[in-house]
> 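First the structure, which I've put down as structure tokens, then a few questions once you've had a look.
Protein chains get the first letters and strands the later ones, always in sequence-line order, with residue 1 at the start of each. Just the heavy atoms: all of them, side chains too, but no hydrogens, waters or symmetry mates, feed the values below.
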2 protein chains.
Amino acid sequence: MSSQADSHSSASSSTAPAEPKSVPKPRDQHLRDLADCIRFLSMDAVQQAKSGHPGAPMGMADIATVLYKDFMQFDAADPHWFDRDRFLLSNGHGSMLLYSLLYLTGSHDMTIDELKRFRQIDSKTAGHPEYKHADGIETTTGPLGQGIANSVGFALSERILNAKFGDDLCKHWTYVFLGDGCLMEGISQEAISMAGHFKLGHLIAFWDNNSISIDGATSLSVSDNEVERFRASGWHVQEIDGHDTDAIRDAIHAARAVTDKPSMIACKTIIGFGFPTKAGTQKAHSDAPGEEEIAGARKILGWDYPPFVIPEHLLSAWREIGSKGRAARLAWADRVKAAPTELRTEFERRNNGELPADWKKAISAARAEFIASGKEMATRSASGAVLDHLAAAIPELLGGSADLTPSNNTRAKGMVEIRPGEYLGTYMHYGVREHGMAAAMNGIALHGGLIPYGGTFMCFSDYCRPSIRLAALMRIRTIFVMTHDSIGLGEDGPTHQPVEQLAALRAIPDLAVFRPGDPVETAECWELILEAPRRAALIALSRQPMPLLRREPGDENRSARGAYVLLEAEGGERKLTIIGTGSELHLAVQAREILQKEGIPTAVVSMPSRLLFEEQDAAYRKTVLGTTRARVAVEAAVELGWERYTGLDGRFVGMHGFGASGKIGDVYKKFDITTEAVVRAARETLAEVG
Amino acid sequence: MSSQADSHSSASSSTAPAEPKSVPKPRDQHLRDLADCIRFLSMDAVQQAKSGHPGAPMGMADIATVLYKDFMQFDAADPHWFDRDRFLLSNGHGSMLLYSLLYLTGSHDMTIDELKRFRQIDSKTAGHPEYKHADGIETTTGPLGQGIANSVGFALSERILNAKFGDDLCKHWTYVFLGDGCLMEGISQEAISMAGHFKLGHLIAFWDNNSISIDGATSLSVSDNEVERFRASGWHVQEIDGHDTDAIRDAIHAARAVTDKPSMIACKTIIGFGFPTKAGTQKAHSDAPGEEEIAGARKILGWDYPPFVIPEHLLSAWREIGSKGRAARLAWADRVKAAPTELRTEFERRNNGELPADWKKAISAARAEFIASGKEMATRSASGAVLDHLAAAIPELLGGSADLTPSNNTRAKGMVEIRPGEYLGTYMHYGVREHGMAAAMNGIALHGGLIPYGGTFMCFSDYCRPSIRLAALMRIRTIFVMTHDSIGLGEDGPTHQPVEQLAALRAIPDLAVFRPGDPVETAECWELILEAPRRAALIALSRQPMPLLRREPGDENRSARGAYVLLEAEGGERKLTIIGTGSELHLAVQAREILQKEGIPTAVVSMPSRLLFEEQDAAYRKTVLGTTRARVAVEAAVELGWERYTGLDGRFVGMHGFGASGKIGDVYKKFDITTEAVVRAARETLAEVG
């Protein structure tokens, strides 16, 4: 390692580019050759695409080779094998490392042609690994730090399911590669802290310690002692030369021997290992290296094959790596078959992503309770009551909160908390780590076997927005519970009052944002969230009580089409449509009453989910919104996006700036979000439309 | 300390609430009495408001007392004294600590009546400290971790201005209080890492180590060794009993003696110190304590005064603390007067927030260059060129990037980089720390004397959104430079392609989002950003080149009203309005050409800033948008918000989901954002409007 480190540091401090860089003699030429398969596929693909990041794949090729050859338990023939080890690439820009591994190990849908189409439109080989583009891509990475935080969710899921189903059915490892950039992102600290606290012993992280970032040497901006930082969070840490295959193997063995701590292996590497002039510099990080540089690498590494050609003996060695897990997989399948029926059925049901047959009874029960009580209720409380029923019906629900459990009402009756080393539970105290929580939940949703939901204040959806976005992009069932969803939280003031978050979240494609307007709608929204396994969802809930507006019997889910006519106009053709959501829906109802008395046929539309409404056909949407252009929308949030329904002639009653600290009544009055304001707006639009 | 720690841990592990908790005998009764002023004002205010957080003010009162009495250099009579020490409360929910200090030290606008109106509408004493609500509130805090990250900006500014103007004019300290929640947030790591790297020796942080968070004991979710974590980032760290006034004083002396490292003092405290039953538990954290609990505290602490009454001898002792800095302030004013004219003038100009008299020549010069060249150019490159001129004209510009300097074009010609211990520069390598960068920039803007701008990819505005929001809320001139602002970045794919960020950022109240459509507009937007000292701004810039669309001579800033008619309809009354921004503006221009040839009088409106446009009067807006309802908007982003201009009859050409990895031309084609698509949309809306 020391000679490696020396040659590296002298390389990066040197300014003379003339002398081509040599590489250290390998410990094991065969392993070097296997690693060079990754290196040249990465170089060739980036060169062909004229874009991409060759540096990290070349730097981490030796680590990946040892990991896959001697440790990774998987079978390329069945990439969905539930008990496989998981491999995550947190430094997702090094995507060619992953694509190369998938091709080399024989993944069915990663062909050499796909590698040749790296970064081309509609290929499986996008610039960054995209979940579902090809089997074996366990998560979408690229935004730095997300992968390491996902890995916490994977490793946590494994421990929880292990506690529930035993070693025979679930016992595997989560391996994650990460770069300097991942460690500079704050989310990494949340992830590291969480993994250490919960003693996630089946998680092993490999840090690509190459001392290079885009601006230049990492020493321009960072001087953390990462080893001590991980130790401070309870990790087992080792430092090795990332090109010494013996050291890599020994370190992984040592890491696996420590089962009550996550493990970090700091691997000193040379970015762009093998490049004659760019190795060890930021020039190796990204962009096409150029034919000359690749020719130099061929010479230095002794690689005599044309671009995209892997010689038969190396390809078959890699394919062997890809199939070596077959026996273990079959043995596991036998164990599953031999498991007690009840355990096996439950295990298979969960892994197939099927909900228990009669889970909807939980929704019915909650609805019935709300209607029987008839009381006004905060939707956060209604949500808590729904979760009490759901948690009993759906044991794979994994609740949690970012240190706001009593405020978010996320801990259902009977939920046992997960503690360090004690994983037989269904509730997570994620700590004040919204971003880490959200990314870990993504990992949990991706792993399978559990359905994660987690709470914080709506305003702090901003803190975890990058992970919410990725949940939406990946189309996974991560559920974000956001309470205190408007100025209605009162005294905490503008820093805690979301005003723009609803619009900002609705702007995220494919994210189903729900804002129920009463307890019954809250139950309906939870039903819609749970029955959509391929959609990320966020439910916005009030702190303050609101009246029960839905009292009809039966289980028809009226929220299912996103919006519906809560109250139709009476006494003639509809002249006015008032649209409301959440805690302002009852203002629409009250305003309608006044307007109807004045003889204006007025309908109230409840719109708990814009996304679902937009998915309906034009005829339905027209029925709901009506043909009248006299429309008012009311929501205690900014207007952005409401113009879609109010048009150029309608009106909006809501927020036009940040909130204020004060009693809830005072705050609503200050910002003129009242029944009277809705009536006034109605008269204005009616006058305009004529 | 050990007896303290023992009594604390036994208190929190005990479940029997019967025995009222005593408090340790003070080292110094007078200091205890001074601290109790804070405690009782905090208790009384929270009790009166029936809402708030008494625990932290009561726990940190001793620390605050020693800090203010023996160290804080300030003069309540002149809260804007430039060289004052800064005090930040990162755990902003403990706002009553700050409000109490302001009242006690005699700040002109913090009266006892304001304390009585704590958390009431339109008071100065909002739930969380709001910048500008009262003098002495240096920053808005509440969202956890922001204050510690702001403090990095304050401490950095002090060092940079000290390097420039010398000890005589600028040499002070930044003190920041923070809680467990701040340390759990990822942003704290970015801040700690940055402060340690840059050796910010004039920064001292006090950690309120009370082991309690909302869910209960912090041990539920965190077991980091914070002392080792700070050390790993190069901090000087001490651990003390936060109620031992001698220990506090000694620790601050020791921290100030170490000037090449930031300092963290871990203060073991009892949350709600003085409460008979709630002290040391999460019940002390928030909510009104109740009359009985307060009566118990009066007994325990020996406090015989009615609510909101501070006895004269203690008030006058505090007022003395508030005025003890007067001599130092006057001496400083004398030194400023005595400074060399050029230095003094520059110092005063900057501190008054005035730009150099002829700074706009830089804008003119850049415009002229663009027009003379006539070449197509990416707006990120245009922005870089504008910055080259601006940096020469405005020496207080402090550039930076979150490790994307070569991509963001943020480093202007001649900018010298700030390095650890070497502060005579104007460029920051913030590292891959978008959130820490944004919050530090807020601190820099708040400190005064420098104008910060910092870059990252537009997509990663999500990573720093909480700080962008706070910049907007505080109305400070923090400038966010966001390049790679659409699918136009191509191969990096959907994880890096912002599609919803424009809408999400436009949703933030008071944030001026700019998206210039050519190099000249880029110059205009920079002019608008810089001439608005009380407005946060974000400029979205393209990776890809776009044609020069503005070629007219002169310096009229046509972007100043947010939107304007770039090309008026010809050959008759306007029948169609096409609105475009940024890299899609030229598609609007090309589409107009086709439509005009077909005999349809078509105007093109450029809308670089929605916010500025909305501030115009209705007449102007109508002139720009036209009376026709046939309207098309084109922007390579989601539609949300565009309906405001296109109405129910218009059309939108843009994104309807996430992007894709591929060559730029392929990506635009895939998503049908082309001249042809604009023409098609125009025909549709014309047909509809008739």
> Does any heavy atom of chain A fall under 4.5 Å from the side chain of Val638(B), the backbone, both, or neither of them?
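Side chain of Val638(B) only, per the 4.5 Å heavy-atom cut-off to chain A.
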> For Tyr463(A) and Leu144(B), indicate whether the former's side chain and the latter's backbone hold a donor-acceptor pair under 3.5 Å.
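Looks like yes, one N/O pair under 3.5 Å.
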> Which one of Ser407(B), Ser51(B), Gly234(B) has the most heavy-atom pairs closer than 4.5 Å to chain A?
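Most pairs with chain A among the choices: Ser51(B).
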> So, taking the atom named CD1 in Ile508(B) and the one named CG in Asp462(A), what distance separates them when rounded to the nearest 0.5 Å?
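With rounding to 0.5 Å, CD1 (Ile508(B)) is 6.5 Å from CG (Asp462(A)).
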> Go through Leu505(A), Leu183(A), Asp649(A) and name the one with the most non-hydrogen pairs under 4.5 angstrom from chain B.
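Highest number of pairs under 4.5 Å: Asp649(A).
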> Quick one: closest heavy-atom pair of Phe198(B) and Leu220(A), and the distance?
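So the two residues come closest at CZ-O, 4.2 Å.
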> Find out whether Glu500(A) and Arg465(B) are in side-chain contact, i.e. whether some heavy atom of one side chain is under 4.5 Å from a heavy atom of the other.
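SC-SC contact between Glu500(A) and Arg465(B) confirmed.
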> What part of Pro498(B) is in contact with chain A, defined as an atom under 4.5 angstrom from a non-hydrogen atom: side chain, backbone, both or neither?
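The backbone, not the side chain.
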> Sort out for me which of Gly647(A), Gly142(A), Gly641(A), Pro466(A) touches chain B most, counting heavy-atom pairs under 4.5 Å.
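Greatest number of close heavy-atom pairs with chain B: Pro466(A).
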> Can you confirm whether Thr141(B) sits close enough to Thr495(A) that some side-chain heavy atom of one is under 4.5 Å from a side-chain heavy atom of the other?
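The answer is no, as the side chains (C-beta and beyond) never meet within the 4.5 Å cut-off.
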> With a 4.5 angstrom heavy-atom cut-off, could you sort out which part of Gln282(A) is near chain B: side chain, backbone, both or neither?
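Neither; nothing under 4.5 Å.
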> Going by heavy atoms in the side chains, are His53(A) and Asp492(B) under 4.5 Å from each other?
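Sidechains of Asp492(B) and His53(A): in contact.
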> Near Arg475(A) CZ, under 6.0 Å, is it more than 12 heavy atoms from other residues, nucleotides or ligands?
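Not buried by this count: 12 neighbours or fewer within 6.0 Å.
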> Side chain of Ser661(B), backbone of Gly127(A): donor and acceptor closer than 3.5 Å?
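Pair found, side chain donor or acceptor close to backbone of Gly127(A).
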> Heavy-atom distance under 4.5 Å to chain A: side chain of Phe460(B), backbone, both or neither?
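Contact with chain A: side chain only.
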> Would the number of heavy atoms belonging to other residues, nucleotides or ligands and lying under 6.0 Å from NZ of Lys199(A) be above 12?
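Incorrect, the count does not exceed 12.
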> Please name the pair of heavy atoms, one in Glu185(B) and one in Glu190(A), separated by the smallest distance, quoted to 0.1 Å.
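So the two residues come closest at C-OE2, 3.7 Å.
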> Side chain, backbone, both or neither: which part of Ser213(A) has an atom under 4.5 Å from a heavy atom of chain B?
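Looking at Ser213(A), backbone and side chain both touch chain B.
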> Under 4.5 Å, counting heavy-atom pairs only, tell me which of Arg506(B), Met655(B), Glu417(B), Glu434(B) racks up the most with chain A.
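Max contact count across the listed options: Glu434(B).
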> Could you give the distance from CZ (Arg229(B)) to CD (Glu228(A)), rounded to the nearest 0.5 Å?
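So the gap between those two atoms works out to 14.5 Å.
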> Is it the side chain or the backbone of His128(A) that comes within 4.5 Å of chain B heavy atoms, both, or neither?
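Both parts, backbone and side chain.
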> For chain A, find which of Ser467(B), Pro406(B), Ala660(B) contributes the most heavy-atom pairs closer than 4.5 angstrom.
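Among the listed options, the one with the most contacts to chain A is Pro406(B).
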> Non-hydrogen atoms of chain A under 4.5 Å away: do they reach the side chain of Asp122(B), the backbone, both or neither?
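It is both, since atoms from each part get that close.
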> Using non-hydrogen atoms and a 4.5 Å limit, figure out which bit of Ala472(B) sits close to chain A: side chain, backbone, both or neither.
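For Ala472(B), backbone and side chain are both near chain A.
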> Under 4.5 Å from any heavy atom of chain A, what part of Tyr430(B) do you find: side chain, backbone, both or neither?
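It is the backbone, since no side chain atom gets that close.
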> Report which part of Leu470(B) has an atom under 4.5 Å of a heavy atom belonging to chain A: side chain, backbone, both, or neither.
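Contact with chain A is through the side chain of Leu470(B) alone.
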> Got a sec: does the NZ of Lys50(B) have more than 12 other heavy atoms crowding it under 6.0 Å?
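Atom NZ in Lys50(B) is crowded, with more than 12 foreign heavy atoms closer than 6.0 Å.
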> Arg610(B) versus chain A, heavy atoms under 4.5 Å apart: side chain, backbone, both or neither?
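Contact with chain A: side chain only.
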> If we define contacts as heavy-atom pairs under 4.5 Å, which of Gly662(B), Gly181(B), Ala232(B) has the most with chain A?
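Answer, by heavy-atom pair count under 4.5 Å with chain A: Ala232(B).
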> Out of Ser223(A), Ser219(A), Ser221(A), which one pairs with His197(B) under the side-chain hydrogen bond (donor to acceptor under 3.5 Å, both in side chains) rule?
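So the option named by the test is Ser223(A).
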> Do Lys669(A) and Ile121(B) come close enough that some side-chain heavy atom pair is under 4.5 Å?
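No. Closest side-chain heavy atoms not under 4.5 Å.
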> Which heavy atom of Leu640(B) sits nearest a heavy atom of Ala503(A), and at what distance?
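In this case the closest contact between Leu640(B) and Ala503(A) is CD2-O, 3.4 Å.
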> Taking all atoms of both residues into account, what is the closest heavy-atom pair of Pro143(B) and His496(A), and its distance?
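Nearest pair, atom of Pro143(B) first, then His496(A): N-CE1, 4.1 Å.
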> Looking at chain A, which one of Thr125(B), Ile214(B), Asn225(B) has the largest number of heavy-atom pairs inside 4.5 Å, strictly under?
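If we count pairs closer than 4.5 Å to chain A, Ile214(B) comes out on top.
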> Within this structure, what is the CZ-CG distance for the pair Arg231(B) and Asp224(A), rounded to the nearest 0.5 Å?
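Nearest 0.5 Å value for the CZ-CG distance: 15.0 Å.
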> Walk me through it: do Leu648(B) and Arg631(A) pass the test side chain to side chain contact (heavy atoms under 4.5 Å, CB included)?
CA-CA 12 Å; Leu648(B) 300 178; Arg631(A) 297 179 186 172; 4.1 Å; yes
> Once you round to the nearest 0.5 Å, how far does NE2 of His656(A) lie from CD of Glu614(B)?
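Answer rounded to 0.5 Å: 11.0 Å.
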> Please classify the contact of Arg629(A) with chain B as side chain, backbone, both or neither, using a heavy-atom distance under 4.5 Å.
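Arg629(A) touches chain B through side-chain heavy atoms alone.
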> Checking heavy atoms, do the side chain of Lys663(A), its backbone, both or neither come under 4.5 Å from chain B?
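For Lys663(A), backbone and side chain are both near chain B.
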> Is it the backbone or the side chain of His93(B) that comes under 4.5 Å from a heavy atom of chain A, or both, or neither?
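Answer is neither: His93(B) stays 4.5 Å or more from chain A.
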> Please state whether the side chain, the backbone, both or neither of Ser233(B) comes within less than 4.5 Å of a heavy atom of chain A.
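Both the backbone and the side chain of Ser233(B) come within 4.5 Å of chain A.
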> What do the steps show when you test His435(A) against Ile187(B) for side chain to side chain contact (heavy atoms under 4.5 Å, CB included), and what is the final call?
CA-CA 10 Å; His435(A) 204 174; Ile187(B) 188 176; over 6 Å; no
> Any idea which heavy atoms bring Val499(A) and Pro509(B) closest together, and the distance?
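Looks like CG2-CG, 3.8 Å.
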> Select one option (side chain, backbone, both, neither) describing which atoms of Cys459(A) are under 4.5 Å from chain B's heavy atoms.
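Cys459(A) touches chain B through side-chain heavy atoms alone.
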> What part of Gln501(A) gets within 4.5 angstrom of chain B, counting heavy atoms only: side chain, backbone, both, or neither?
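The side chain, not the backbone.
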> Considering non-hydrogen atoms only, spot the tightest contact between Met184(B) and Gly431(A) and give its length.
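Nearest pair, atom of Met184(B) first, then Gly431(A): SD-CA, 4.0 Å.
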> Which bit of Thr140(B) comes within less than 4.5 Å of chain A, counting heavy atoms only: side chain, backbone, both or neither?
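Answer is side chain: those atoms of Thr140(B) sit under 4.5 Å from chain A.
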> Would you mind telling me which of Gln146(B), Arg469(B), Arg411(B) has the largest number of heavy-atom pairs within less than 4.5 Å of chain A?
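Answer, by heavy-atom pair count under 4.5 Å with chain A: Arg469(B).
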> Can you tell which part of Glu130(B) gets under 4.5 Å to a heavy atom of chain A, answering side chain, backbone, both or neither?
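Contact with chain A: side chain only.
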> Are Arg644(A) and Glu643(B) within salt-bridge range, i.e. N to O under 4.0 Å?
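Judged by the 4.0 Å cut-off on N to carboxylate O distance, Arg644(A) and Glu643(B) do form a salt bridge.
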> Is the backbone of Thr405(B) close enough, under 3.5 Å, to the side chain of Asp215(A) for a donor and an acceptor to pair up by distance?
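The answer is yes, because a donor-acceptor pair under 3.5 Å joins these two groups.
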> Decide if atom CZ of Arg419(B) counts as having more than 12 heavy atoms of other residues, nucleotides or ligands within a radius under 6.0 Å.
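No, not enclosed.
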